[in-house]
Amino acid sequence: MLNWFSRNARDLPWRQTRDPYAIWISEIMLQQTQVKTVLPYWERWMKNLPAIKSLARAKPETVLKLWEGLGYYTRARNLQKAAKTIEENHGGIFPENFDEVLALPGIGPYTAGAICSIAFDQPTPILDGNVMRVLTRIYGIEGDPREPKTNRTLWNLSEALVKIAARRQETLMASCSALNQSLMELGALVCTPRQPKCPECPVQKHCVALREGKVQLLPEIAERAPATKRHFVAFVVERKGRFLVRQRPEAIVNALLWEFPNLERNDSTSFSENEFFRIAKDALPICSIKHSITRYRMTLDAFRATLRPRKKFGPGKWLSIPELRELPFASAHRQILDHLARRIPPPRLQSSN
Ligand code: SF4
């Protein structure tokens, strides 16, 4: 595994450093998100917020703007909370103790294990989706890996492996960092969910699933509940080249992100009855956006509308397109904004002659 990793590991920027801050940011961004998506986000983040201090002191809107498009915005808010905790309780130095890392907001056992092993070479285990798949197949472990008993077995196995690496570390034959990263990398590149590349696998001779013809059967993950469809309508209201937007309140999903006025349309809401059509008129469809958050499959239909005379839409700001572009938007609403920006050319600069 370690020989394979040294020859095949992808050249990723967060692998060029032992800075726990840089590794932490990469691990949080990589949750639910592919490496190629994360790369430009990580580069931009590290350029703008290169250290714990800069993250702790940044404006919340700056943090959200740097995260815009990655989704699951609680991750970004927790990063900043954790940075403030490190400033207040650890003198601004990222803690090395596993329990102290685990106590930081937004850091669970996997992330704490990844940071402590990769940044500090500690024998801390990891278990994410990739590692789960690799271990269940190599060791032929049956049962749903998310069920407590099987999950415990897998954590124990991961711990046993990284402890062996720690013992061999003394003879420079292994490292906890390389062992854990090799498990992750094998799951990402070779032992993939569908069509794993077993003939290229460095541990094929030891793999129980391959030997027993169970590769496609493991891991035995129970089927998830079917996705729920939801339907929203958003209104793009313009006044003299400015558009009405509002900021989502605290303590709800996508808190503090900006959006166009919108409502959820359930089957009993008729368009002619809703709040917007009493206030707006001449609504014309602009675009329809489909996106997913956790188990929800959302459709957002955007309409362009004019305000009826003497009607108000409630709290919000009227902003130009360049001003809107400075704000962090919920990703579906960002797509509406991109659509608008493509249709409305930027204002021409006045010639000084
Ligand atoms: Fe995965 Fe195949 Fe390697 Fe087994 S032999 S660990 S199933 S890639």
Side-chain angles (χ1 to χ4, degrees), residues 1-12 14-15 23 26-27 29-39 108-118 121-169 173-224:
M1 284 277 287
L2 293 169
N3 285 339
W4 173 85
F5 181 67
S6 66
R7 287 195 303 269
N8 294 281
R10 287 167 291 178
D11 183 16
L12 302 172
W14 48 86
R15 287 195 175 143
I23 292 164
S26 73
E27 285 298 333
M29 285 186 173
L30 285 164
Q31 290 167 10
Q32 326 271 350
T33 313
Q34 293 188 339
V35 165
K36 69 173 189 299
T37 307
V38 165
L39 278 167
Y110 164 78
T111 310
I115 296 169
C116 289
S117 60
I118 298 171
D121 247 331
Q122 292 174 13
T124 48
I126 53 160
L127 192 69
D128 66 349
N130 281 334
V131 178
M132 225 177 238
R133 188 169 57 255
V134 168
L135 294 181
T136 52
R137 286 176 174 167
I138 298 178
Y139 291 92
I141 294 170
E142 294 176 350
D144 186 342
R146 296 200 174 93
E147 289 293 323
K149 188 163 165 254
T150 315
N151 196 266
R152 194 64 251 156
T153 303
L154 290 166
W155 273 109
N156 290 342
L157 199 46
S158 178
E159 186 171 13
L161 290 172
V162 78
K163 282 190 168 161
I164 293 171
R167 286 203 292 278
R168 297 200 183 167
Q169 201 157 272
M173 286 171 65
S175 79
C176 300
S177 169
L179 187 277
N180 276 355
Q181 290 190 78
S182 72
L183 286 170
M184 296 174 185
E185 199 73 340
L186 193 74
L189 300 182
V190 177
C191 195
T192 47
R194 279 172 288 282
Q195 299 177 330
K197 304 176 187 85
C198 300
E200 297 170 26
C201 179
V203 289
Q204 54 179 283
K205 282 189 196 149
H206 310 280
C207 180
V208 173
L210 183 64
R211 193 163 60 236
E212 297 183 357
K214 291 182 180 166
V215 173
Q216 301 299 339
L217 303 177
L218 296 175
E220 291 180 349
I221 295 176
E223 282 201 13
R224 290 178 187 275

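Both counts, for ligands and for their atoms, begin at 1 and track the order of listing. Worth saying up front: this structure is predicted, and the values here are computed from it rather than measured.
Across all non-hydrogen atoms, the minimal contact from Val215 to Pro196 is CG1-CG, 3.4 Å.
Atom 2 (Fe) of ligand 1 has Cys198 SG as its protein N, O or S neighbours under 2.8 Å.
Across Ser175, Ser117, Ser158, a single residue satisfies side-chain hydrogen bond (donor to acceptor under 3.5 Å, both in side chains) together with Asn180, and that is Ser117.
Applying the side chain to side chain donor-acceptor pair (under 3.5 Å) definition to pairs two or more places apart or across chains, those involving residues 201-213 are Glu212-Lys214. Under the side chain to side chain donor-acceptor pair (under 3.5 Å) criterion, the residue pairs touching residues 131-141 are Asn130-Arg133, with sequence neighbours excluded.
At a 4.0 Å cut-off, at least one heavy atom of Ile138 sits close enough to ligand 1 to count as contact.
Inspection of the Gln31 and Thr111 side chains reveals an N or O donor paired with an N or O acceptor under 3.5 Å.
Residues satisfying the side-chain hydrogen bond (donor to acceptor under 3.5 Å, both in side chains) criterion with Arg7, sequence neighbours excluded, are absent altogether.
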